[in-house]
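Scroll down for the structure; my scribbles are underneath it.
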Amino acid sequence: MKKSLLALVIIVFCLFFTSCLKNETVQSISETELFSLPYGNFEEQLSISDLNDVGNVRFGIAMQDGFFYIVNGESKKILELNSYGDLLTLFYNEDSQTARLLENSNRPDKSIHHDISYPFDYPGMIAVDSNKNVYTVCSIPWNRQEKSDDGTTLYSHTVLRFARDGSSVDYIGQQGPGGTPFPYIKNIYTTSKDELVVVASSSEGMLVYWFASDGFLKYMIPVITKDAPSAIDKENLSDIFLTIQNVIPDPVSYKLYVQIDYYSTYVDEESKVQSGINYVQTLLYPLNIESGTYEEPVSVPPYEETVVSDYSKLTYRIPYDFLGVTKSGWKFFVVKTEEGFNIEMIQSESQRILRRHFKASHSNIVYDTMYLSQDGILTALYLEEDKARVVWYRTDNLIDAILKN
């Protein structure tokens with residue numbers, strides 16, 4: 001009788017322990033491959049000269065209402081494709097190799113081809129609004145670039161804007177259409193009101209330009225490092241410093257989310273000499289751009305990885321990269337792991353945190369770039385040795401299921 005009771009207790013304990021482990025396990029979300037594109041110089045191909053030189057790879061992807069937009073910087077072209085990979089529209093510089101190839105083409109349907117007269121290069125950043133207007137970052141020629149009075153800032157970028165049917169093409173500068181160039185642009189975004197937001201780097205932090213739907217400047221918000229919040233527990237920590245890692249707009253309200261990573265200096269106990277830095281914490285601060293005030297931050301838990309070597313165990317804490325915000329308020333963070341990517345999704349209003357893993361073979365992927373839609377769909381462009389693949393992860397379905405429950 002005692003043995004039977006003991007066995008029953010053990011079984012119940014094991015079931016409880018197993019269920020706890022399942023709750024702690026980071027679940028995987030499988031990718032859905034939508035289509036692939038070959039490499040080459042023809043219109044439906046992606047051009048790249050050297051995949052080994054990742055530093056010169058200039059690609060970007062955006063997704064709007066199931067249509068995909070890929071900017072190919074090397075060939076100076078932008079492709080619009082459906083979810084099957086069919087080419088719907090092609091935009092290209094009139095002085096590019098693509099233009100020369102199309103000039104000699106005998107293909108009857110050229111209505112999908114639209115040439116662009118601005119002689120700009122494309123670094124690989126792209127955004128699309130609900131009207132299918134396309135925005136892409138451009139590097140302007142050297143003879144048109146400008147320097148600040150103190151020589152610390154180079155104004156070398158602009159944003160090219162064109163309609164889906166190619167009927168209108170112009171560029172947006174700091175003041176709006178035809179304005180002066182921006183400093184180096186980190187990324188561009190569109191909101192649910194079809195307003196363009198440009199996030200640029202400066203010597204003191206970041207500069208955010210928020211444009212109305214007509215393209216003219218509405219707000220210019222400096223996000224300066226020296227004015228950033230330092231609200232962090234400094235007890236037993238000396239020489240804390242911070243970096244503004246990223247700034248991303250809210251797609252619905254006039255608010256910015258500022259990711260700040262905090263670090264401390266590491267001093268060797270024996271030599272008493274500073275020998276490195278330690279990552280401390282990541283806080284995400286909402287910044288109300290109408291009042292210019294920071295609101296209460298959200299703590300972003302780091303990715304932790306444990307390494308066992310020579311009978312010792314070390315745990316590394318790595319900050320996530322801020323990816324974007326959805327219309328329902330979910331903040332997405334990503335970090336690359338040995339087996340793929342870890343995604344951390346935070347809903348600060350409901351105090352929910354979801355962690356999911358995306359499997360990806362980094363040995364096959366030479367270059368990757370991701371795009372988060374306002375509905376919460378994560379799209380990725382993977383450049384592999386023999387082809388480029390477009391995949392997506394339906395994290396929106398996961399969020400919808402949670403909201404329903």
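Only heavy atoms go into these numbers, but all of them, side chains included; no hydrogens, no water, no symmetry mates. Predicted model, so just to flag it, every value in this text is computed and none were measured. Numbers for residues simply follow the sequence, beginning at 1.
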Side-chain atoms of residues 160-167: list all donor-acceptor pairs with protein atoms under 3.5 Å, sequence neighbours left out, distances to 0.1 Å.
| residue | atom | partner | partner atom | Å |
| --- | --- | --- | --- | --- |
| Arg161 | NE | Asp170 | OD1 | 3.1 |
| Arg161 | NH2 | Asp170 | OD2 | 2.7 |
| Arg164 | NE | Glu80 | OE1 | 3.4 |
| Arg164 | NE | Glu80 | OE2 | 2.8 |
| Arg164 | NH2 | Glu80 | OE2 | 3.0 |
| Asp165 | OD1 | Ser167 | N | 3.0 |
| Asp165 | OD1 | Ser167 | OG | 2.7 |

Under the side chain to side chain contact (heavy atoms under 4.5 Å, CB included) rule, collect the residues that match up with [X], sequence neighbours excluded.
X      : value
Asp86  : Asn82, Tyr84
Ile224 : Glu204, Pro222, Lys226, Asp227
Pro251 : Val325, Lys327, Gln374

Please name the pair of heavy atoms, one in [X] and one in [Y], separated by the smallest distance, quoted to 0.1 Å.
X      : Y      : result
Thr225 : Gly205 : OG1-CA, 3.8 Å
Met206 : Gln245 : CE-O, 3.8 Å
Thr190 : Ala127 : CG2-CB, 4.0 Å
Pro301 : Arg355 : CB-NH2, 3.4 Å
Thr337 : Phe341 : OG1-N, 3.8 Å

Set of residues satisfying ring-ring contact (aromatic ring centres under 6.0 Å, His included) with respect to [X], sequence neighbours excluded:
X      : value
Tyr254 : Trp210, Tyr219
Phe182 : Tyr209
Phe358 : Tyr393
Tyr294 : Tyr285

Partner residues of Glu339 under the side-chain hydrogen bond (donor to acceptor under 3.5 Å, both in side chains) criterion, sequence neighbours left out:
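Glu339: no side-chain hydrogen bond (donor to acceptor under 3.5 Å, both in side chains) contacts found.
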Going by the rule side-chain hydrogen bond (donor to acceptor under 3.5 Å, both in side chains), which residues pair with Asp115 if we only count those two or more places apart in sequence or in a different chain?
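Checked Asp115 against side-chain hydrogen bond (donor to acceptor under 3.5 Å, both in side chains); zero matches.
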Given side chains that start at C-beta, do those of [X] and [Y] come closer than 4.5 Å, heavy atoms only?
X      : Y      : value
Tyr263 : Thr243 : yes
Phe59  : Met125 : no
Leu378 : Leu323 : yes
Leu46  : Leu79  : yes
Asn342 : Val334 : no
Ile244 : Val223 : yes
His114 : Leu90  : no
Ile172 : Leu196 : yes

Quick one: do Tyr382 and Val391 satisfy side chain to side chain contact (heavy atoms under 4.5 Å, CB included)? Show the steps, please.
CA-CA 8 Å; Tyr382 294 147; Val391 306; 3.7 Å; yes
Does any N or O in the side chain of [X] come within less than 3.5 Å of the main-chain N or O of [Y], such that one atom is a donor and the other an acceptor?
X      : Y      : answer
Ser47  : Gly40  : yes
Lys331 : Gly329 : yes
Glu195 : Thr191 : no
Thr395 : Gly376 : yes
Gln259 : Tyr320 : yes
Asp214 : Phe216 : yes
Gln175 : Thr180 : yes
Gln347 : Ser328 : yes
Ser36  : Ala388 : no

Could you walk me through whether Phe120 and Ile140 pass side chain to side chain contact (heavy atoms under 4.5 Å, CB included), step by step?
CA-CA 5 Å; Phe120 297 157; Ile140 63 177; 3.9 Å; yes
Partner set under salt bridge (charged side-chain N to carboxylate O under 4.0 Å, His left out) for Asp121, not counting sequence neighbours
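Applying salt bridge (charged side-chain N to carboxylate O under 4.0 Å, His left out) to Asp121 gives Lys76.
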Applying side chain to side chain contact (heavy atoms under 4.5 Å, CB included) to Leu381 and Asp368, what does each step give before you reach the verdict?
CA-CA 6 Å; Leu381 172 65; Asp368 62 80; over 6 Å; no
Can we say [X] and [Y] salt-bridge, meaning some charged N sits less than 4.0 Å from an Asp/Glu carboxylate O?
X      : Y      : answer
Lys132 : Asp65  : yes
Lys255 : Glu290 : no
Glu31  : Arg389 : yes

Derivation of the side chain to side chain contact (heavy atoms under 4.5 Å, CB included) call for Val199 and Ile185
CA-CA 6 Å; Val199 180; Ile185 294 177; over 6 Å; no
Please check if any side-chain donor atom of Tyr122 sits under 3.5 Å from a side-chain acceptor atom of Asn93, or the reverse.
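Judged by distance alone, the side chains do pair up.
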Less than 3.5 Å apart, any donor N or O on the side chain of Glu43 or His113 sitting next to an acceptor on the other?
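Judged by distance alone, the side chains do pair up.
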With a 6.0 Å cut-off (strictly less than), is the heavy-atom count around NZ of Lys147, excluding the residue itself, greater than 12?
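Counting other residues, nucleotides and ligands, NZ of Lys147 stays at 12 neighbours or fewer.
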Does Glu304 CD have over 12 foreign heavy atoms under 6.0 Å away?
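Count over threshold, so yes.
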To the nearest 0.5 Å, how far apart are CG in Leu34 and CG in Leu81?
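Leu34 atom CG to Leu81 atom CG measures 11.0 Å (nearest 0.5 Å).
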Restricting to pairs with a member in residues 134-158, which pass ring pair (Phe, Tyr, Trp, His ring centres under 6.0 Å), not counting sequence neighbours?
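Output for this query lists His157-Tyr184.
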